[in-house]
Amino acid sequence: MLDIDLIRQDPRHVEENLERRRHPPYVALLKQALEVDTEWRRLHGEADRLRAQRNRLSQALARAHKSGTPPPEEVSREARELPAQIEALELREKETARVRDDLLRRLPNLLDPSVPFGTDDTGNVEVSRWGEPVEPGFPLRSHGDLAEAMGWAEFGQARDVSGAGFYYLLGDLALLDLALQRFAVDRLVQKGFVPVVPPYMLRREPYEGVTDLADFEKVMYRVEGEDLYLIATSEHPLAALYRGKILEETSLPIRLAGISQNFRREIGGHGVDQKGIFRVHQFSKVEQFVFCAPEDSPKVHEELRANAEEFFRALEIPYRVVNVCTGDLGVVAAKKYDIEAWFPRQKAYREVVSCSNCTDYQARRLGIRMGKAGKPGKRVPHTLNSTEVATSRAMAVILEGGQAPDGTVRIPRVLIPYMGGRERLEPRNEIGR
RNA sequence: GCUGAGGUAGCCUAGCCUGGUAGGGCGCCGGUCUUGAAAACCGGUGGCGUCAGCCACGGGAGUUCGAAUCUCCCCCUCAGCGCCA
């Protein structure tokens, strides 16, 4: 949610920013919100005056009551008539506020100046590139086919018992999933992040603070008969960790490393990845999340990006970083980098990390403030989030890029200690796992 | 799931029976004093506002001129019991 004070003080600035999305309805929404707000302020003032009058009358009646003298007739008459007027006015005031807030909530975050314009992901701008894609000397198998052939995954039975988009991981691939998570967490802890295993379900109300309403229809699983939703990413419960709280200025930045399963209903198109773990309903992810002072967020954004880049360099996976354009950015982030890893079989860069600066948009909706408790002058902190690793995606790259003609897969050097010292993923039947 | 107790400002708590518009403590901020600090004392402490004021006692509805207080509905938390990895 945008700052209503900013909109009142400098509507032109907000309008110019919204125009950069080249989506005229946003500007119309803004103007409407501003009009409704003006009306609300008028109603609010009027209702305030009537309430003040009511308080004065009530006190006069209380005094009369105490002294035992009956109050003047016109006082008690006005006291009887006022509540109906107040009620009518308050009803309009409340309704107007509701309309204004609805309009406000539909406005996206303000864009960072560096965000390029574009209508979809083809408008994203490459900002850096690391590693040399190598040509394999033999035809590569898709990660799904390979995993199934080597006994590391079972898709058919998962489809039968849970539906398309689910999978069993078995043997070395199950271990690789855990190894990636533990490696990612260890690195972040070393950098001062607090590891967090959050709730995997949230109630609707706190959930509305962290995501836009469309997600409830499209993305999230709802628990039957309960006011609970399965989290789509640990970003959500991590953001909600301080909902309604005041963060001590000196404790910032707060760096959290979320460890969770993630559940997503809509998983988009299929094609070459129909079989596999690239797009699935459930996956493990280690997430970076930071609360910081507004002036620090650009620096922290680069820090999160650097952390994610280092992770993929440690895995020796070539990648590029793109500055995500307006059409691909979504409403919550002010700026977003995607890291796209090189998939050698597909000969394409594909998204493995998403790194966002949400500025104050998320924190304001969650009612998170910063400052000293009891001291005036609270500010709204900024929130940022970035994937460290989504294991499903990382495993897909490792399987594609690390495979040998015999089907075994080279384990990235840094993960060997996490895999019992072994250097290759071995077929399940051959080693009895 | 059952029974009971609760939800008051950043935190703790009084007020509820008997309706008159939220008091105290801690913390924090500022001031006085001091070489400096502590102590002491004074003032402040959330949200909205067109800066008159208004709102805020878990949420909503009702009764009333007036509700933290009375009535009803709902939510949440804790304790004990039950169930349980």
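No hydrogens, no waters, no symmetry mates; every other heavy atom, side chains included, goes into these values. Labels below follow one simple rule: chain letters A, B, ... track the order of the sequence lines, proteins then strands, and each chain is numbered from 1. Just so you know, these numbers come straight off a predicted model, no measurement behind them.
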Atom P, compared across B:rC73 and B:rG66: separation rounded to whole Å:
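So the two P atoms sit 23 Å from each other.
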Can you tell me, in whole Å, how much space there is between the P of B:rA79 and that of B:rC16?
28 Å
Below 3.5 Å is the cut-off: list the nitrogen or oxygen pairs between protein and nucleotides 15-18 of chain B, distance only.
none

Need one value for A:L61: base, sugar-phosphate or nothing, where a base atom within 4.0 Å counts as base even if backbone is also close, heavy atoms only.
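Since a base atom lies under 4.0 Å of A:L61, the category is base.
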Assign A:A62 to base, sugar-phosphate, or nothing according to its heavy-atom contacts below 4.0 angstrom with the strands shown.
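Result for A:A62 = base.
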With respect to the side chain of A:K94, which nucleotide from B:rA61, B:rU77, B:rG49 is positioned closest?
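Among the listed nucleotides, the one closest to the side chain of A:K94 is B:rA61.
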What nucleotide, of B:rC76, B:rG10, B:rU50, holds the atom closest to the side chain of A:R203?
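The listed nucleotide nearest to A:R203's side chain is B:rC76.
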Side-chain donor-acceptor pair present, A:K285, A:T391, cut-off under 3.5 Å:
no
List the residues meeting ring pair (Phe, Tyr, Trp, His ring centres under 6.0 Å) with A:F263, not counting sequence neighbours, and say none if there are none.
none
Map A:R42 and A:R80 onto RNA chain B by nearest heavy atom, then report which one ends up closer to the 5' terminus.
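Taking each residue's closest nucleotide, the earlier one in sequence belongs to A:R42.
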Could you pull out the protein-nucleic contacts involving nucleotides 53-55 of chain B (nitrogen or oxygen on both sides, under 3.5 Å)?
residue, atom, partner, partner atom, Å
B:rG53, N2, A:D48, OD2, 2.7
B:rG53, N3, A:D48, OD2, 3.4
B:rC54, OP1, A:N55, ND2, 3.1
B:rC54, O2', A:D48, OD1, 2.6
B:rC54, O2', A:R51, NE, 2.9
B:rC54, O2', A:R51, NH2, 3.3
B:rC55, OP1, A:R54, NH2, 3.2
B:rC55, OP2, A:N55, ND2, 3.3

Determine the stems involving RNA chain B; a stem requires 3 or more consecutive pairs of the Watson-Crick or G-U wobble kind, each with both distances below 3.5 Å, and the answer is none if no such run exists.
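Stem segments, range with range: B:1-7 with B:75-81, B:10-13 with B:23-26, B:27-32 with B:40-45, B:46-48 with B:53-55, B:58-62 with B:70-74.
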Got a sec? Which of residues 361-368 of chain A come in under 4.0 Å of RNA chain B, heavy atoms?
none
Across all chains, not counting sequence neighbours, the salt bridge (Lys or Arg N to Asp or Glu O under 4.0 Å) partners of A:D177 are none
